[in-house]
Peer 1: 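I'd like to ask some things about the structure below.
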Amino acid sequence: SIFSFTLPLLSLPKLLLPAVTHNGELRAAISLIAVELTPRVMPGIGDWNAVRQACAELLRLCTLPDKDVVLPALDTDQVETLVIVAAADAYGATILADRIREQLRRYNDLNAMATFHVSTVPVSLPSPEDQPSVEKVVQEIADGISQMLMGAVLRQRRGSPGTDVAVLSN
């Protein structure tokens with residue numbers, strides 16, 4: 001007897017649409033917020049999975065579902081990175097990052113098991129007169145996020161901390 005199943009493929013551009021567009025038009029501003037969780041002890045000690053899931057849920061509660069997207073976590077042995085694509089300018093992203101930091105500080109289980117770092121960066125968008133198709137811009141943002149996450153994985157393998165979110169700011 002053979003058991004098989006199909007895993008759904010994640011289409012990053014489709015996932016990004018609520019944060020990047022409104023009524024078929026590009027939003028005026030978009031920012032990325034990266035949350036890095038670093039275990040204080042080796043993963044597997046304590047209930048790290050429960051802490052990670054609770055953290056992801058906390059981030060979803062801090063965001064606006066019609067304007068912000070919490071991407072699936074990037075997990076390596078050393079750091080788990082969660083990225084939020086937010087329909088916000090630099091000021092709005094700073095407010096959202098502050099709200100996230102405050103909520104993470106209040107989460108005692110997380111503080112006992114991990115350290116966290118929250119960073120923000122605005123995404124450069126083309127001017128309205130130079131604007132290519134919305135689909136092309138969304139694809140470029142998705143490609144930049146993919147490059148950022150792959151860079152984070154490579155740095156973590158080399159032992160260099162930090163998520164380079166600046167890859168998307170031209």
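Just so it is clear, the model here is predicted, and its values are computed rather than measured. Along the sequence shown, the residues carry numbers beginning at 1.
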Peer 1: Considering all heavy atoms of both residues, which atom of Val118 and which atom of Ala97 are nearest to each other, and what is their separation?
Peer 2: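 Looks like CG1-CB, 3.8 Å.
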Peer 1: Grab the two heavy atoms, one from Ala19 and one from Val69, that are nearest each other, plus how far apart they are.
Peer 2: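 Smallest heavy-atom distance, with atoms named: CB-CG2, 3.9 Å.
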Peer 1: Judged by atom type as modelled, is there a donor-acceptor pair below 3.5 Å linking the side chain of Ser133 to the main-chain atoms of Lys136?
Peer 2: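 It does hold such a pair.
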Peer 1: Tell me the closest heavy-atom pair linking Lys14 and Pro18, and the distance in Å.
Peer 2: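 Looking at all heavy atoms of both residues, the shortest contact is O-CD, 4.0 Å.
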Peer 1: Is Val137 reachable from Val134 through a run of hydrophobic residues whose side-chain heavy atoms are each under 4.5 Å from the next?
Peer 2: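 Yes: a chain of side-chain contacts under 4.5 Å links Val134 to Val137.
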Peer 1: Check Ile33 against Ala93 and note the closest heavy-atom contact, atom names and distance.
Peer 2: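 Result for this residue pair: CD1-O, 3.9 Å.
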Peer 1: Rounded to the nearest 0.5 Å, how far does CG of Leu96 lie from NZ of Lys67?
Peer 2: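 These two atoms lie 12.0 Å from each other.
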Peer 1: Of Arg99, Gln103, Arg105, which is the lone residue that meets side-chain contact (heavy atoms from CB on, under 4.5 Å) with Arg101?
Peer 2: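 By the side-chain contact (heavy atoms from CB on, under 4.5 Å) criterion, Arg101 pairs with just one of Arg99, Gln103, Arg105: Arg105.
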Peer 1: Rounded to the nearest 0.5 Å, what separates atom OG1 in Thr81 from atom NE2 in His117?
Peer 2: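 Result: 10.0 Å between the selected atoms.
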Peer 1: Using every non-hydrogen atom in the two residues, find where Leu125 and Arg27 come nearest and quote the distance to one decimal.
Peer 2: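 Leu125 and Arg27 have their closest heavy atoms at CD1-O, 3.4 Å.
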Peer 1: Please check this pair: side chain of Ser31 against backbone of Ala86, looking for a donor-acceptor N/O pair closer than 3.5 Å.
Peer 2: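 No, because the side chain of Ser31 does not come within donor-acceptor range (under 3.5 Å) of the backbone of Ala86.
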Peer 1: Would you compute the distance between atom CD1 of Ile141 and atom OG of Ser124 and round it to the nearest 0.5 angstrom?
Peer 2: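 OG of Ser124 is found 10.0 Å from CD1 of Ile141.
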Peer 1: For the CD1 atom of Ile100 and the CG atom of Leu61, what is their distance to the nearest 0.5 Å?
Peer 2: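 Reported value, rounded in 0.5 Å steps: 11.0 Å.
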Peer 1: Does the side chain to side chain contact (heavy atoms under 4.5 Å, CB included) test come out yes or no for Leu58 and Cys62, once each step is laid out?
Peer 2: CA-CA 6 Å; Leu58 186 142; Cys62 289; 4.1 Å; yes
Peer 1: Kindly indicate whether the side chain of Thr120, heavy atoms from C-beta on, has any atom under 4.5 Å from the side chain of Leu32.
Peer 2: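 Side chain of Thr120 against side chain of Leu32, heavy atoms only: no contact under 4.5 Å found.
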Peer 1: For the residue pair Gln139 and Asp143, confirm or rule out a side-chain donor-acceptor distance under 3.5 Å.
Peer 2: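 Asp143 and Gln139 do have a side-chain donor-acceptor pair below 3.5 Å.
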Peer 1: To the nearest 0.5 Å, tell me how far Ile84 CD1 sits from Leu71 CG.
Peer 2: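 Going from the CD1 atom of Ile84 to the CG atom of Leu71 covers 9.0 Å.
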Peer 1: List the steps and the verdict of side chain to side chain contact (heavy atoms under 4.5 Å, CB included) for Asp68 and Val85.
Peer 2: CA-CA 6 Å; Asp68 308 322; Val85 181; over 6 Å; no
Peer 1: Closest heavy-atom contact between Tyr107 and Ala54?
Peer 2: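 So the two residues come closest at OH-CB, 3.0 Å.
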Peer 1: Enter the distance from Leu37:CG to Phe116:CZ here, rounded to the nearest 0.5 Å.
Peer 2: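 Leu37 atom CG to Phe116 atom CZ measures 8.5 Å (nearest 0.5 Å).
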Peer 1: Just do the side chain to side chain contact (heavy atoms under 4.5 Å, CB included) check on Leu104 and Val35 with the steps written out, would you?
Peer 2: CA-CA 10 Å; Leu104 290 172; Val35 178; 3.9 Å; yes
